[in-house]
Amino acid sequence: MPHAIGNIPKRDSYRTVVVGAGPAGVLAALRAASAGPVLLVDASPLPRHKSCGGMIHALSERVLARHGLRIGPAIREPERVRFRFLDWDAGVTKPCSLAFHNVDRDEFDLLLLDALPTSVEVVAPCPAVTVQQDDEGCTVLLEADGRRAEVRCALVIGADGARSAVREAIAGRTKPYVTLQDTVELRGPLEPFFDCIYSSRIGAGHAYSYLVPKDGHALVGSVFYPGTRRPREQHESVLAELRARMRALGESVAREASAAAFVRGPQDVLAGAGRVLLAGEAGGFLSPTSGEGISYALRTGEAAGLAATRDPDEALDAYRRDLRPLVRQIRFKLAVLPAMESATGRALARALPAPVVSAVTRYL
Ligand SMILES: Cc1cc2nc3c(=O)[nH]c(=O)nc-3n(C[C@H](O)[C@H](O)[C@H](O)COP(=O)(O)OP(=O)(O)OC[C@H]3O[C@@H](n4cnc5c(N)ncnc54)[C@H](O)[C@@H]3O)c2cc1C
């Protein structure tokens with residue numbers, strides 16, 4: 001049964017307020033619910049639409065299985081796709097063994113939302129404007145039904161993504177990657193690969209592009225560093241080159257812009273401050289090398305929700321302890337990122353045999 005969604009909070013105080021109803025926020029709310037009243041707010045109307053390739057890593061499925069959740073209803077054709085590295089500069093194509101389930105992201109998010117217990121109060125559209133902390137707890141300033149409203153709570157979990165207002169309140173603003181993603185008509189079949197494309201010819205600021213077939217269409221996305229000029233023109237040139245290389249690609253039927261956390265150093269990864277915990281992209285939890293973020297959002301959301309069941313003054317320390325292995329993984333990826341982006345790293349990826357590239361890709 002779909003979860004009931006209100007337009008203003010029913011109470012003026014909760015034990016936990018979770019900001020953002022993406023995978024991090026939903027898992028956090030689900031876990032925190034056992035300790036007392038939880039309010040989950042989202043700035044968008046729910047169910048929401050998130051621009052995404054919909055590649056689901058096995059780690060995500062493992063977290064969901066712990067909560068009795070299966071992604072089956074969200075899976076689309078081709079069901080499984082393998083990662084393939086394409087370097088247009090050198091004309092190299094390296095298929096890898098790393099494989100993902102291929103989902104409709106809207107269906108996937110809805111499946112998560114519907115897993116919430118009815119005890120979690122969900123209010124949307126209801127952006128959190130800011131968060132303040134004092135000796136007794138937190139105040140969250142919300143915009144509910146066109147009016148400002150304040151709610152009190154013992155703990156806040158900021159799971160509001162790459163442009164997090166909660167993170168801004170405790171640590172200042174961050175600049176995200178800018179993304180563009182087209183839904184493209186298909187005139188014929190595409191191979192079942194998640195293509196990751198690197199090319200220095202696209203333009204300054206272009207990080208990479210991707211292509212994945214989904215349900216009779218293809219998604220073509222491009223990721224740009226913060227401050228990139230004319231990303232749309234650059235994305236068009238990726239599409240033009242792809243159409244020239246793959247005859248099956250037709251016209252674009254939709255385009256959407258979005259953002260992804262720009263995680264370049266240990267300082268970009270932040271578990272929180274005081275009684276505010278950050279989960280998912282709000283805390284910089286995603287793979288800095290591959291951009292895979294769903295498994296990080298689910299794992300950190302789950303851990304934040306668990307920490308929220310403890311004494312609020314001890315929650316942040318418990319959360320940090322729980323996240324140590326995941327933070328170590330992110331730091332490892334951050335250490336290899338400059339080499340990956342360098343000319344030497346790219347030359348190495350070209351020169352190494354496909355099985356070696358395939359093995360390395362599993363850790364990225
Ligand atoms: C184009 C693109 C393609 C991607 N492809 C993949 C992929 O194939 N596989 C993968 O694993 N990852 C992918 N990612 C990354 C993945 O989508 C994210 O890492 C993941 O969704 C992060 O989850 P989250 O819960 O932290 O944040 P989000 O999913 O971003 O959710 C944050 C929520 O917070 C809400 N919000 C924002 N501000 C406020 C506010 N002030 N108040 C209240 N609510 C607010 C938003 O409306 C949103 O619903 C992609 C990202 C992009 C942009």
Side-chain angles (χ1 to χ4, degrees), residues 17-29 39-61 63 71 81 83 98 100-106 108-110 112-113 122-131 140-144 156-169 176-183 194 196 207-212 214 219-224 235 255-263 278-288 290-302 304:
V17 173
V18 181
V19 181
V26 170
L27 261 282
L39 173 68
L40 172 62
V41 296
D42 200 287
S44 305
L46 294 175
R48 67 176 198 158
H49 171 71
K50 165 92 187 172
S51 182
C52 183
M55 299 291 91
I56 302 298
H57 195 280
L59 281 169
S60 297
E61 294 186 56
V63 179
I71 61 167
V81 288
F83 181 83
L98 179 66
F100 300 90
H101 266 128
N102 186 17
V103 302
D104 176 319
R105 181 64 199 265
D106 292 0
F108 175 84
D109 285 339
L110 184 58
L112 296 185
L113 202 61
V122 183
V123 175
C126 179
V129 180
T130 193
V131 173
V140 185
L141 180 61
L142 301 168
E143 233 170 67
V156 173
I157 299 177
D160 47 344
R163 292 196 170 102
S164 170
V166 178
R167 181 175 180 140
E168 187 178 342
Y177 284 105
V178 171
T179 64
L180 290 170
Q181 181 177 278
D182 281 28
T183 303
F194 174 56
C196 215
Y208 62 92
S209 293
Y210 57 85
L211 163 76
V212 64
K214 202 180 297 276
L219 298 181
V220 178
S222 297
V223 179
F224 299 96
H235 184 55
R255 173 169 299 169
E256 53 204 19
S258 189
F262 187 61
V263 181
L278 298 175
E281 283 200 27
F285 299 110
L286 89 166
S287 167
S290 71
E292 192 273 319
I294 297 172
S295 73
Y296 287 82
L298 293 169
R299 286 181 287 163
T300 55
E302 186 184 44

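Each ligand, and each atom within it, is numbered from 1 in the order the structure gives.
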Exercise for review: Please lay out, stage by stage, how Leu142 and Leu39 fare under the test side chain to side chain contact (heavy atoms under 4.5 Å, CB included).
Suggested key: CA-CA 12 Å; Leu142 301 168; Leu39 173 68; 4.2 Å; yes
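Applying the salt bridge (charged side-chain N to carboxylate O under 4.0 Å, His left out) test to pairs two or more places apart or on separate chains, those with a residue in residues 47-57 are Arg48-Asp109.
Between Phe194 and Tyr210, the angle of the ring planes lies from 30° to 60°, which puts this pair in the tilted group.
Asn102 meets the side-chain hydrogen bond (donor to acceptor under 3.5 Å, both in side chains) test with Lys214; sequence neighbours excluded. Listed by chain and residue number, Ala159, Ala279, Ala297 satisfy the side-chain contact (heavy atoms from CB on, under 4.5 Å) test with Ala24 (two or more places apart in sequence, or in another chain).
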Kindly print each ligand 1 N/O atom paired with any protein N/O atom under 3.5 angstrom away, one pair per line, or none if nothing qualifies.
residue  : atom   : partner : partner atom : Å
ligand 1 : 5 (N)  : Gly53   : N            : 3.1
ligand 1 : 8 (O)  : Gly54   : N            : 3.2
ligand 1 : 8 (O)  : Met55   : N            : 2.9
ligand 1 : 9 (N)  : Met55   : O            : 3.0
ligand 1 : 11 (O) : Glu292  : OE2          : 3.1
ligand 1 : 11 (O) : Gly293  : N            : 3.1
ligand 1 : 11 (O) : Ile294  : N            : 3.0
ligand 1 : 12 (N) : Gly293  : N            : 3.1
ligand 1 : 17 (O) : Arg105  : NH1          : 2.8
ligand 1 : 19 (O) : Glu281  : OE2          : 2.5
ligand 1 : 21 (O) : Arg105  : NH1          : 3.3
ligand 1 : 21 (O) : Arg105  : NH2          : 2.9
ligand 1 : 25 (O) : Pro23   : N            : 3.3
ligand 1 : 25 (O) : Ala24   : N            : 3.0
ligand 1 : 26 (O) : Glu281  : N            : 2.9
ligand 1 : 29 (O) : Arg48   : NH1          : 3.1
ligand 1 : 29 (O) : Arg48   : NH2          : 3.0
ligand 1 : 30 (O) : Lys50   : NZ           : 2.9
ligand 1 : 31 (O) : Arg48   : NH1          : 2.9
ligand 1 : 41 (N) : Ala128  : O            : 3.0
ligand 1 : 42 (N) : Ala128  : N            : 2.8
ligand 1 : 44 (N) : Ala43   : N            : 3.0
ligand 1 : 47 (O) : Asp42   : OD1          : 2.6
ligand 1 : 47 (O) : Ser44   : OG           : 3.0
ligand 1 : 49 (O) : Asp42   : OD1          : 3.3
ligand 1 : 49 (O) : Asp42   : OD2          : 2.6
ligand 1 : 49 (O) : Arg48   : NH1          : 2.9

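Not one N or O on the side chain of Thr179 forms a donor-acceptor pair closer than 3.5 Å with the backbone of Val223.
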